[in-house]
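Computed from a predicted structure; not experimentally measured. First the proteins, then the strands, lettered A, B, ... as listed; each starts at 1.
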Amino acid sequence: MSQWRRVLAAGLIGGIAATVFTIIWGILLLFKGMEPIQISIQEASISGMLTGALCTFRKLTGAKSTFFCTLLGSMIFLIFNGFSPWNINLEKNSIDAGLGTFLVIILTIWSARKALTGIELKSFDRDEIEILAIRIFKGIGLLFFIIIVAFPFVYMVITSLKSQMALLTNPTDLSISFESGLAVLIKSYHEVWTTFNFQRYIWISTIVSVGTVGITLSLSILGAYSVTRLRFPGRIWLSRSILIIYMFPAIVLVIPLYSIFSQLQLRNSLIGLFIVYPATTLPVALYMLKGFFSTLPAELEEAGRIDGCSRLGVIWRITLPLSLPAISSVALYVFMIAWNEFLFAFMFLDDPNIFTLSRGMVSLNSSEVPRQYLMAGAVMVTVPVMALFFWFEKYLVSGLAAGSVKG
Amino acid sequence: MMSHSPQAKSEARLAYAFLLPTLLVVFSIVLVPVIANFWISFKTVELSDLRPPKPIVKIQVSKWPKKQGDSFVFRYRIRNSSQKFPLKNIMIRHQLPDGMLVKETDSRCSLLLNELRCVFDNWPAKYREKILHKFIIDKAFKTSKKNFKNSVIKVSADTDNILTNFNFTLKNYVKILTNPEFFFVLKTTFLYTLLGTLGSLFLGLFAAQLLNQRFTGRGFLRGLFLFPYVAPVIAVAFTWVLLLDPFSGTLNTMLVKIGFLSEPLNLFGQRYVLLNLFGFEMKFPLALSTVIAFESWRYFPLAFLFILARLQAIPNELYEAAKIDGASPIQQFLFITLPQISGIISVMFLLRFIWTFNKFDDIFLLTGGNAGTRTLTVDVYEQGFALADLGAGSAVAVIIFGLLSLFMILYFRFLPLGEEE
C-alpha cells in the first residue's frame, strides 16, 4: 500500500483543520449568546484526523462520495463528543450543534482535499512535503489575518447597535436583536448625531479636509512642477529637504505652535487648522507629485511651449490632464490624512462648535457616555473614509504606495 | 553649472514664484516652530504663562451726584491680572461725559479736554490699587450712573512677553535628564519603536506571501488588509480599548469562558505580568506589548503593500530556473524571494522605524502613556500639557529632534538612493 503517507498527511491536516474550525464555531456560538459552551480540542482533533484519513483512504472523489464522507465524519465527530459537541445537546438544539458539526466536517474535508491537490507522496519527496507544509501554513495564516483585520471593525459596528444593558450583562453576546425595531437599533447613532452634535462635526471635518486638499494641491502642483521641470539655483537642495521635512513629527511642532497660535488668537479656530494641515501634508504631496511629474515626458511640454503656451498654460493644458490619476491619488491621500488627523484637532480646538469628528470623538470617550455611543461615533468617523477607499481603491493604493511612509 | 542667460534667470524667477507659497507655509509652520522649540526649551514657560498679563480697570462710584454743583467722587480699581509678571508703561484713557470739572485727582492723572488720562510706570505682579478722582458737575452733566460705569476705558500696557524675552536657563534639561523615570521612557521608546517596526514588517511580509498567488477573492482581501491603516486612528484605538477592556471587554470574557485564562488581563492598564518560564520568574511588560501589538496591527498594511508589489515584480523565470536546478519551495523562498525583497524591507525598516519613533496618537489614545508605555513623544505631552511645563516639554521635543536627526543621517548614509525612490 503506497498510499499510507498520503493518508497520514490527510489525517494530520484533518486534525488541524477540525481543531481550528471547532474553536471558531465555538467562539461564534459564544458570540451568538450561547453558554456555557465547551471546546473539546482533543475530541475535535482526533475525529478530524480520522475523517481526513478515512476519506483519503477510500480515495473518494465526486459528489456522492463527498456526501458519504461528510456523513461518516459527522458521525465520528458526534460520537467522540458524546452527541453534545460544544456542550450543546444535539437533540435539544440540533441547529447549533448539528449545523456546527456539519460545517466543521465539510470544511475539514475540503481543507484536506485542497491541501493535497496534486500531491501524491509516493515517497518522502521533500518538495511535496514542503508544499504541503506551506499550504497548511498559508491556510492558517489567511484565517488569522482575516480574523484580526476584520474582527475589530465588526465589533465596532455590532457594539454600536447594542444597548448598554446587553453589553454589560453578557460581553460575549454579539448577537443583534431586531425585535424592538429599527429605532431602538440605531438609537446610539441618533443620539450621537443629534445630542453629541456629530451632524455638525461631520460637516466641519468635511470642510477642513476638502479645504486642506484644495490648498495642498494648488500649492504642491506648482511646487512639484518647479522642482522637476525648472532649473534654478538650490533645486537639488530643495528637493532633498522635502524628504527631511516630511519626516518631522507633529509632536515636535506642537508646543511652539500651541504657544504662538495662542498668542495670535489662532488656536481655537478653524483658520488655525487650515494653516497647520496643509503644512503637514504639503511635503507628502510635493514628494508624491515630484515622483510622478518626473515620469512624464518633457517633450510634450516643450511642444506646448513651442506652440505658444505660457508656463501656467502648459501646466493647465498638458501636465494636469496627464497626471490626473496621480493628482487624484494625492488628493485622496491628503484627504485621508486630514480627516484622520487627531493631534492638532485635539490640542487646538476647545470650542464644541468647531470640533472636527476626531475631536468630537474624544468627548464621547468618557465614563458617563455609554460605550455604544463611542462605537457609533467610531463608525461615523470611519465610514466616509472607507467609502472613499472602496470607490477609489485603485487611486488610494497607488497613493499609499507613492506616499509610502507617512503615518 | 548654472548658465546666467536671461532665459535661465527668468526660469529661476518663475520657479521661485511657484515655490514661494509652499516655502512660506512650510517655513512658518515647520521651520519656525522647530527653532521656537529650541528657544522655549531654554526658558521657564508654563502653560498658564501663555495668557499675557492684562491691566484691568474698573470704575467704582460711591455717590451719584443729584444736582448742579454737587461733587462727584469715583474711583478706578486697577489690577494686574498676572500672578507672575509685571506690566510696564500702563496708560489709562477715559473719555468723560460733558459737564465734569476736575477738583482733585491723582498725581499720575491729568485731564486733557474731556479725556482723563493716567500714566503708570510699573505694576508689579498681583498689583492692586484704588485711584480717587473728585469732580464737580455742572448743568451739562446728563449721563446716567449705568452709562458712566460702562463708559469705555482704553488701557494699554507693555508686557514683557515670556516667549520673546532673553532670559535663558538650563533648568528644563536638568529637570528632564535627572529624572530617573526619563531613562525608562527612553528604554520604552526604543523597545516600542524597534518591536513595533519589526512586528509590522513581519506581519506585512507574511500577509504579502499569502496574497502573492492568484486565487478568488484576492482583490477583496487586499482591500480588507488595508483597513487598519486607512481607518481613523481614533476609531480603531477606542475599539481596541473596548474590546480588550478587563471588566466587560469581549476578548477577556471570551478567553475566560473558553478556559484559556483563569482571570481577565488588564491588557492596557497593567504594567507587568509575572510569567513562570522554566522555573524562572519573569516580569513581562504587558501594556507595552499590547501597544506594540496594536502598532504592528495598524501598520502592517504598509509593509504588506510594498512587499507585495515587489513580490509581483520578481520575474517568474528566476523561479523556473531554480526549479530546474532542484530548489525546494523553501529554498526558493530563502534564496530567491528573500534576496529580491531585502532591499524594500530595509527601506521599509528605516522609514517605519522613524515613523514609529515619531508616533504619538496611538499610545496616547490607548493608554495615555500609563502602565509603562510612555514614549518620548507622549512624554512631550505629559511634561508640556499634563504637567503644564511647556519648557520641559520642549526640552523633550529637542531630544526627539536630536535622535531623529541621527536616524536621518543614518538613513541617508545607508540609502544614498533613498531620495530617488
Side-chain angles (χ1 to χ4, degrees), chain A residues 27 30 39 126-127 130-131 134 138 141-142 145 148-150 152-153 155-156 168 171-172 219 222-223 225-226 230-233 240 243-245 247-249 251-253 255-257 259 262 275-276 278-279 282 311 340 342-343 358 361 365 371 374 378 381-382 385 389 393 400-401 405 407, chain B residues 2 11-12 14-15 18-19 21-22 25-26 29-30 33-34 36-37 40 50 163 206-207 210 223-225 227-228 230-236 238-240 242-243 248-250 253-254 257-258 297 299 305 328-330 351 354-355 358 360-361 377 380 384 390 393-394 397 400-401 408 419:
Chain A
I27 290 171
L30 257 184
I39 295 169
R126 184 176 161 190
D127 274 23
E130 280 184 9
I131 290 173
I134 289 171
K138 278 193 173 176
L142 270 178
F145 271 100
I148 63 157
V149 170
F153 294 94
Y155 180 75
M156 189 197 282
L168 290 178
T172 53
L219 298 189
L222 292 179
Y225 183 84
S226 314
L230 303 178
R231 266 157 304 162
F232 58 92
R240 205 167 282 185
L243 193 74
I244 295 177
I245 287 172
M247 297 200 185
F248 267 83
I251 195 79
V252 170
L253 312 178
I255 288 181
L257 283 178
S259 313
S262 293
I275 299 173
V276 173
L282 257 173
R311 278 286 179 191
N340 294 357
F342 165 72
L343 176 62
S358 288
M361 280 287 290
N365 182 31
R371 58 179 58 185
L374 181 63
V381 187
T382 311
V385 191
F389 174 68
E393 190 191 330
L400 292 178
V405 280
Chain B
M2 269 319 146
E11 194 170 306
L14 187 72
F18 281 177
L19 282 165
T22 305
V25 172
V26 171
I29 303 298
V30 180
V34 166
N37 195 64
I40 297 172
L50 290 181
L163 293 175
F206 192 8
L210 294 176
L224 181 77
F225 283 9
F227 266 36
V230 178
V233 59
I234 192 152
V236 287
F238 284 151
T239 308
W240 270 60
L242 286 192
L243 189 60
S248 51
T250 301
T253 322
M254 184 185 92
K257 276 183 185 169
I258 63 175
W297 177 80
Y299 296 100
L305 207 61
S328 74
I330 290 178
L351 288 175
I354 290 175
W355 274 109
N358 288 346
F360 166 80
D361 306 2
T377 49
V380 173
L390 290 179
S394 296
I400 294 182
F401 182 82
M408 282 209 238
E419 61 176 311

- Message: Please report the interatomic distance OH(Tyr225(A)) to CG(Leu19(B)), rounded to the nearest 0.5 Å.
- Response: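 One gets 12.5 Å once the value is rounded to the nearest 0.5 Å.
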
- Query: Which distance, rounded to the nearest 0.5 Å, do you find between the CG of Asp361(B) and the CG of Leu343(A)?
  - Reply: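 So the gap between those two atoms works out to 6.0 Å.
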
Would you say the side-chain atoms of [X] pair up with the backbone N or O of [Y], donor to acceptor, closer than 3.5 Å?
X	Y	result
Glu130(A)	Ile330(B)	yes
Thr250(B)	Pro171(A)	yes
Asn365(A)	Phe238(B)	no

Among [options], single out the residue with the greatest number of heavy-atom pairs under 4.5 Å to chain B.
options	answer
Leu222(A), Ile275(A), Leu30(A), Ile148(A)	Leu222(A)
Leu282(A), Ile251(A), Leu374(A)	Ile251(A)
Pro278(A), Ala150(A), Ser259(A), Gly223(A)	Ser259(A)

Contacting region of [X] [heavy-atom separation from chain B under 4.5 Å]:
X	value
Ile134(A)	side chain
Ser262(A)	side chain
Arg126(A)	side chain
Ile39(A)	side chain

May I ask you to name which of [options] has the most heavy-atom pairs under 4.5 Å with chain A?
options	answer
Trp297(B), Phe227(B), Phe360(B)	Phe227(B)
Ile29(B), Ile354(B), Val26(B)	Ile29(B)
Ala397(B), Ala12(B), Pro33(B)	Pro33(B)
Gly393(B), Ala207(B), Gly249(B)	Ala207(B)
Thr253(B), Val25(B), Leu243(B)	Leu243(B)
Ser248(B), Ser394(B), Pro21(B), Pro228(B)	Ser248(B)

- Query: Measuring heavy-atom distances to chain A, does Met254(B) have an atom under 4.5 Å in its side chain, in its backbone, in both, or in neither?
  - Reply: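 Backbone plus side chain of Met254(B), per the 4.5 Å heavy-atom cut-off to chain A.
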
Closest non-hydrogen atom pair, [X] against [Y]:
X	Y	answer
Pro249(A)	Ile400(B)	CG-CG2, 4.4 Å
Ile255(A)	Gly384(B)	CD1-CA, 4.3 Å
Thr239(B)	Pro152(A)	CG2-O, 3.2 Å
Glu11(B)	Arg231(A)	OE2-N, 2.8 Å
Ser226(A)	Ala15(B)	OG-O, 3.8 Å
Gly141(A)	Phe206(B)	CA-CZ, 3.8 Å

- Task: Would you sort out whether Leu14(B) and Leu230(A) count as a side chain to side chain contact (heavy atoms under 4.5 Å, CB included), showing the intermediate values?
- Result: CA-CA 8 Å; Leu14(B) 187 72; Leu230(A) 303 178; 4.1 Å; yes

- Message: I'd like to check the ring-ring contact (aromatic ring centres under 6.0 Å, His included) partners of Phe225(B); sequence neighbours left out, ordered by chain and number.
- Response: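 So Phe225(B) forms a ring-ring contact (aromatic ring centres under 6.0 Å, His included) with Phe145(A), Phe304(B).
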
- Message: Once you measure the plane-to-plane angle for Phe401(B) and Phe248(A), does it fall in the parallel (<30°), tilted (30-60°) or perpendicular (>60°) bin?
- Response: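 Rings of Phe401(B) and Phe248(A): tilted, 30 to 60°.
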
- Give the C-alpha distance, both sets of side-chain angles, the deciding distance and a yes or no for side chain to side chain contact (heavy atoms under 4.5 Å, CB included) between Val252(A) and Asn37(B). CA-CA 7 Å; Val252(A) 170; Asn37(B) 195 64; 4.2 Å; yes

- Query: Is any side-chain heavy atom of Val236(B) less than 4.5 Å from a side-chain heavy atom of Phe153(A)?
  - Reply: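 Yes, their side chains come closer than 4.5 Å.
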
